[in-house]
Trainee: 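First the structure, then my questions, so here it is.
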Amino acid sequence: RRQVLEGLKSGIVGLKNVGVRGQFRAAAALLLAEGVHAQSDWLGPVKIGWRTRPPWVMHVKPEAREQFRRPLNQGDQLVEVDGQATEHLDRRGVLRLLIGPGTTVKFRTPVEDRSEGQAETLGGTDKPQSEWVGKIRLLWSKPPTVIATLAGASEEYQKPVV
């Protein structure tokens, strides 16, 4: 039992008959039961980052990418679970929604026309947690972390942006 639960949590084990939403539900239940606060978690084949609101996709395993209406990509935001917005919820609140009986999880791709310096002030503070700088979205951590890029971002720099 423990190995299967750990496999679900890490995304190593996939249950095809329950789909990605079922994997989200199982992983969320396990994470809530553990009671550990993390900055990111694997929910089946999708790694979610909790440091911004709404939460964002840090990584998607190839087998899950095409199981959504449009392909899920790194940098997409988890904006709704069963019709309830996630932008004002912390990690625990989103996990609670994910273990519910519903079936829908909605992701959004960041808008491509964001301009340099447009900040996302989140969590009720005046200090932005992340900001678009040209075609790159930076998380203001130490050191700053690239959390999303738009098409053509790497063409503007000497080294690839990841």
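Starting from 1, each residue takes its place in the sequence as its number.
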Trainee: Asn73 versus Val60: any side-chain heavy-atom pair under 4.5 Å?
Mentor: no

Trainee: Side chains of Val46 and Leu72: does their closest heavy-atom pair fall under 4.5 Å?
Mentor: yes

Trainee: To the nearest 0.5 Å, tell me how far Leu78 CG sits from Trp50 CH2.
Mentor: 6.5 Å

Trainee: Kindly indicate whether the side chain of Val105, heavy atoms from C-beta on, has any atom under 4.5 Å from the side chain of Leu98.
Mentor: yes

Trainee: Could you tell me the separation between the CD atom of Glu80 and the OG1 atom of Thr104, rounded to the nearest 0.5 Å?
Mentor: 7.0 Å

Trainee: Is a donor on one side and an acceptor on the other found under 3.5 Å between the side chain of Ser40 and the backbone of Ile48?
Mentor: no

Trainee: Over all heavy atoms of both residues, which pair between Ala38 and Arg91 is shortest? Give the atoms and the distance, please.
Mentor: O-CD, 3.5 Å

Trainee: Pairing donors with acceptors under 3.5 angstrom, does anything connect the side chains of Trp56 and Asp76?
Mentor: no

Trainee: Would you check if the side chain of Arg25 reaches a backbone N or O of Gly100 as a donor-acceptor pair within less than 3.5 Å?
Mentor: yes

Trainee: Rounded to the nearest 0.5 Å, how far does CD of Glu87 lie from CZ of Arg53?
Mentor: 10.5 Å

Trainee: Look up atom CD in Glu34 and atom CG in Asp41, then write down how far apart they are to the nearest 0.5 Å.
Mentor: 8.5 Å

Trainee: Do you know which two heavy atoms are closest between Pro45 and Glu63, and how far apart they sit?
Mentor: CB-OE2, 4.3 Å

Trainee: Supply the atom-to-atom distance Gln84 CD to Leu89 CG, rounded to the nearest 0.5 angstrom.
Mentor: 7.5 Å

Trainee: Restricting to non-hydrogen atoms, name the atom on Pro54 and the atom on Gln77 that form the minimum distance, rounded to 0.1 Å.
Mentor: CG-CB, 3.9 Å

Trainee: Hey, what do you get for CG (Leu32) to CG (Leu95), rounding to the nearest 0.5 Å?
Mentor: 4.5 Å

Trainee: Is the distance between the ring centroids of Trp42 and His59 under 6.0 Å?
Mentor: yes

Trainee: Would you kindly confirm whether Val81 and Val79 end up in one hydrophobic cluster when ILVMFWY residues are joined by side chain heavy atoms under 4.5 Å apart?
Mentor: no

Trainee: Taking all non-hydrogen atoms of both residues into account, name the closest pair between Ala29 and Ile99 and its distance.
Mentor: N-CG2, 3.3 Å

